[in-house]
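Throughout, a chain's letter reflects where its sequence line sits, starting with A, and its residues are numbered from 1.
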Protein chains: 2
Amino acid sequence: MSLAFDRHDHAACRRDALAAAEAVCAERGERLTPLRRRTLEILLESHVALGAYDVLARLAAEGFGSQPPVAYRALHFLVERGLAHRVEGLQAFVACARPGAGPHEAAFVVCRLCRRVAEEPAGAPPPRPDGFAVERRVVEAQGLCAACRDGAGEAP
Amino acid sequence: MSLAFDRHDHAACRRDALAAAEAVCAERGERLTPLRRRTLEILLESHVALGAYDVLARLAAEGFGSQPPVAYRALHFLVERGLAHRVEGLQAFVACARPGAGPHEAAFVVCRLCRRVAEEPAGAPPPRPDGFAVERRVVEAQGLCAACRDGAGEAP
DNA sequence: ACGCACTTGTTATATCGTAACGGTCACGCT
DNA sequence: AGCGTGACCGTTACGATATAACAAGTGCGT
């Protein structure tokens, strides 16, 4: 089941993700500040990937700083802790759909129209040349979700 | 064997890729113009991924136009025909290491220091939600190649 | 109170990418 | 030959994404 494209109890997503965020931060002695928490909440509003500048606009409208580093720092904080992911193919960010697992890698299925992102467990490691030390994997499938194929791109 | 990180007959890479490019274009009734050919040659100088602006600077120095669309158009032409690939994780472009196969997808192993890119056959398709139409896959492993781990980053 | 680490904010700038428009040239057609 | 047409290349202008560097505020232990 892929949350992004199926009907589900989204309130539970949000609640679980925030709880996981609290837990991860507590465990590591780090602070889920209002800015960071709010950034995560914004991402959690849907399974749609948001650009850093989209997030920034939201934050600025709520009284936080209005310059790019404000958003990028909060997003990097979340990504490093596995609470959010960066979708390379969109240059955008999504809340993690499997929070509480600690930092982890995942595969993403991304609709290029509505920008919804389903997170799947990362597949098998790719082949790698001798002596190459893999640090990070990017596995994404881009295309059209069922709704966007039918409805010619319904709003996210 | 991965060309990018192993000693090999690079002149053959270049020769084969150019021949393949000629063939692909001829077959499709398209033109490998001097600009496009030169762009491909620049990428073919090594298995290092180049940013569009790196390519542009080279082109401009050789008398071609100096504005971004010049490079982007040539690069898109090559990418669409499978003669080059875009490496999402680097926002950069490499010549295809398996030319002549027509447009195709591939997995990439990318050294983040020297930016060398090894192209491997694309692995198994990722799992996908019901009804999702995959159009494009991005599979990349980033890390450090053997040389960059040992030599603390030898020049590309 | 003081110092320190951390967080947030700013200014400024770098990097990546595209829209829109105009000129030129080759080619086929009448 | 003259003329349309389409592909290609060049430009200007702008938009989107991202980071470096520095200043100031906050919270907390001692």
> Hey, does Leu50(B) have a side-chain heavy atom less than 4.5 Å from the side chain of Phe93(B)?
Replying inline: no
> What's the CD-P distance between Glu30(A) and dA5(C), to the nearest Å?
Replying inline: 16 Å
> Nucleotide by nucleotide, 5' to 3', does protein get under 4.0 Å of the base (B), only the sugar-phosphate (S), or neither (-) in nucleotides 12-30 of chain D, counting heavy atoms?
Replying inline: B----BBBB----------
>> Checking Ala97(B) now: which residues fulfil side chain to side chain contact (heavy atoms under 4.5 Å, CB included) with it, not counting sequence neighbours?
In response: Leu3(B), Glu119(B)
> Cation-pi between Arg81(A) and Phe77(A): NZ/CZ under 6.0 Å from ring centre and within 45° of the ring axis?
Replying inline: yes
> In whole Å, what is the span from the CZ atom of Phe77(A) to the C1' atom of dT8(C)?
Replying inline: 14 Å
>> Do Glu140(B) and Glu88(A) make a side-chain contact, defined as non-hydrogen atoms from C-beta onward lying under 4.5 Å apart?
In response: no
> Should Phe64(B) and Ile42(B) be counted in the same cluster of Ile, Leu, Val, Met, Phe, Trp and Tyr side chains packed under 4.5 Å apart?
Replying inline: yes
> Would you say Arg37(A) and Leu18(A) make side-chain contact, with heavy atoms under 4.5 Å?
Replying inline: yes
> In dot-bracket form, how is DNA chain C paired, counting a Watson-Crick or G-U wobble pair only if both its distances are under 3.5 Å and using | for bases paired to another strand?
Replying inline: ||||||||||||||||||||||||||||||
> Between Thr33(A) and dT8(C), is there a side-chain N or O to OP1/OP2 distance below 4.0 Å?
Replying inline: yes
>> Could you check, using the six-membered ring where one of them is a Trp, whether Phe108(A) and His85(A) have ring centers closer than 6.0 angstrom?
In response: yes
> Between atom CG in Leu32(B) and atom C1' in dA7(D), what is the gap in whole Å?
Replying inline: 15 Å
>> Donor-acceptor pair, distance only, cut-off 3.5 Å: does the side chain of His76(B) make one with the backbone of Ala71(B)?
In response: no
> Within this structure, what is the CG-to-P distance between Leu56(A) and dT11(C), rounded to whole angstrom?
Replying inline: 13 Å
> Roughly, in whole Å, what's the span from CD in Glu88(A) to C1' in dC16(C)?
Replying inline: 14 Å
